[in-house]
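Some notes on the structure that comes next.
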Amino acid sequence: MSKFWGSRFEGSTDSLADKFSFSISYDYRLAKYDCIGGIAHAKMLGQCKIISSKDAAQITSGLQKLLKQIEKGNFKYNPKAEDIHTNIQEELKKLIGEAADKLHTARSRNDLIVLDIKLYCLDQIEQIKTLIQQLQKAIVVFASKNKDVIIPAYTHLQAAQVVLLAHHMLAYVEMLERDKTRLKDAVKRMDANPLGSCALSGTSLAIDRSLTTKLLGFAMTTANSMDSVSDRDFIVETLSAIAIAGMHCSRIAEDMIIWATNEFNFVNIDWSLCTGSSIMPHKKNPDILELIRGETAKLYSNLSEVLVLLKGLSLTYNRDLQLDKPPLFESIEKMQDILQLLTKLFTGLKINQQKIQPHIQNESLFSVDIMDYLINKNVSYRQAHDTVGRMIKECLDKGKKLSDLSLAELRKFHSKFELDVKKLLKPEVSVKIKKSIGSTNPNFVQKQLNRWKKTLTK
Ligand code: ARG
């Protein structure tokens, strides 16, 4: 195994110990950021005259070449290298010779690894935000296409009231928007350059940390070298924001799983996101949505894995910290897949309006509207609730509809009833009469759709 160190070692390390400590199988994902960080570091070392400008230029162009190889996918990852930093260092040496030995001046893998993961997170978070935005757009397009569709909405999975389908969809858009702001918020604290903290105490060499901060585009330079190399809060915050976003995606998935059942049959999920059964030829199973629901467990456990890893860990760097990466990478990549799959789902989702129709004719769904009718006539909330409750019971007992009741029958329940109350027994009316901000009133929903269309294209 190739290593950064070893001159003071008496004998070689145990082969099982080597196998146990390898990280290249997963930290290869940091290769790009290791080069980007190295380029800024070399430029700074050159400008500060810690290394010659010739060496700095050689290192920079060497790392740029490696960066191109990495981006093109033809970089030679060495499965025998201890980690990605070692791998890059060795390849650089093969490319430019002696000068490569100067790159690691005034830096340690301890500050380097934090730098690499921060650059990786900043990049990936940007991508996740873009993917969230694409999902939001797909949902808004789906909502707009079906903007007149009315559906039953549920509490306790029992039909409760009617809403516009678009209103339900825009609830998802709001949830996803909060996910973006949580990620943005994590970035605010993450955006500080740890490079130059070295092993833990800083360096006696005259480096310019502000310069690497500027070259790498960080908003700040970290203020304490010990904190810089110990800090993994940014991973916890990223995983936490992802866990919450995953929870949202799992709830969206579950709604669609329910809506796609034969019993509901509100929507048709595109065949490309379903699978069949090996024994029951009639089945069209929403496996991808079930997996999205299921994978959310992993997003939670990855967060808890890193929290447990950090619990009680003494300052500063301990090798335990190498293990922050697999859960981080897994959550980031799963989240990206989930967001893209949900985008595909809404792009191909078809609504079954005629199947929904009978469900929104259930007059019980308008019970609160009838209560509000009485309240508008100065009846107390309690009396109104009681009245409508008795009406619904009687109708259920006698197999009648509320709309079948005559004026005389209505007045048996409350003297304030007029025949016009029956106008309330229509889904279109129920949504239209809502007045409160944030309600399902079609004018409000349309305004929200317009607002989202505008903000999401920015
Ligand atoms: N591969 C290590 C990690 O991911 C790099 C840092 C190693 N530093 C050390 N002092 N052993 O954390």
Side-chain angles (χ1 to χ4, degrees), residues 1-10 12-38 41 63 66 70 75 77-92 100-101 103-124 190 193-203 222 224-236 238-239 302 305-333:
M1 170 160 89
S2 48
K3 296 164 182 136
F4 250 115
W5 40 274
S7 58
R8 65 92 70 203
F9 262 64
E10 297 174 12
S12 53
T13 43
D14 181 84
S15 61
L16 183 57
D18 279 350
K19 176 174 159 263
F20 194 63
S21 55
F22 274 147
S23 57
I24 195 89
S25 59
Y26 49 86
D27 69 12
Y28 71 88
R29 291 172 178 83
L30 299 175
K32 171 179 163 190
Y33 308 99
D34 210 73
C35 292
I36 293 172
H41 189 64
L63 286 173
L66 294 183
I70 292 161
F75 176 79
Y77 290 101
N78 176 8
K80 291 228 160 68
E82 187 185 15
D83 59 20
I84 190 60
H85 320 299
T86 317
N87 197 164
I88 297 283
Q89 182 76 42
E90 282 173 351
E91 287 303 307
L92 184 66
D101 288 340
L103 170 60
H104 213 53
T105 312
R107 82 177 192 183
S108 145
R109 279 182 301 164
N110 296 355
D111 56 347
L112 185 52
I113 191 65
V114 182
L115 174 72
D116 287 4
I117 321 173
K118 278 190 173 181
L119 291 174
Y120 166 85
C121 282
L122 289 167
D123 211 6
Q124 300 300 319
M190 186 188 305
N193 173 24
L195 192 61
S197 301
C198 303
L200 68 99
S201 69
T203 175
T222 57
N224 180 300
S225 59
M226 292 183 74
D227 177 46
S228 306
V229 294
S230 314
D231 174 31
R232 296 294 186 276
D233 295 4
F234 63 98
I235 296 185
V236 174
T238 303
L239 289 176
N302 285 339
E305 187 174 323
V306 174
L307 281 170
V308 174
L309 189 72
L310 294 170
K311 181 188 171 296
L313 199 65
S314 75
L315 297 194
T316 55
Y317 181 83
N318 297 273
R319 191 66 180 265
D320 313 43
L321 291 176
Q322 177 166 300
L323 305 177
D324 55 10
K325 283 170 262 328
L328 174 69
F329 296 150
E330 187 181 34
S331 280
I332 289 206
E333 287 167 15

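Numbering of ligands and ligand atoms starts at 1, following listing order. Throughout, residue positions are numbered sequentially from 1 according to the sequence presented.
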If we check side-chain contact (heavy atoms from CB on, under 4.5 Å) with L195, which of these qualifies: V114, T222, D111? D111
Protein contact of atom 5 (C) of ligand 1 - nearest heavy atom, named by residue and atom, plus distance: D83 OD2, 3.6 Å
Distance in Å, I235 CD1 paired with I332 CD1, rounded so as to fall on 0.5 Å steps: 9.0 Å
Atom 3 (C) of ligand 1 - nearest protein heavy atom and its distance: Y317 OH, 3.2 Å
Give the intermediate values and the outcome of ring pair (Phe, Tyr, Trp, His ring centres under 6.0 Å) for residues Y120 and F329. CA-CA 10 Å; Y120 166 85; F329 296 150; 5.0 Å; yes
Relative to ligand 1, is N110 under 4.0 angstrom through side chain, backbone, both or neither, heavy atoms considered? side chain
Atom pair CG (D83) and CD (Q89), whose distance is rounded to the nearest 0.5 Å: 10.5 Å
Between R319 and ligand 1, does any nitrogen or oxygen pair lie at a separation below 3.5 Å? no
Check: D18/S15 side-chain N/O donor and acceptor closer than 3.5 Å: no
Just heavy atoms, cut-off under 4.0 Å: does K325 contact ligand 1 by side chain, backbone, both, or neither? side chain
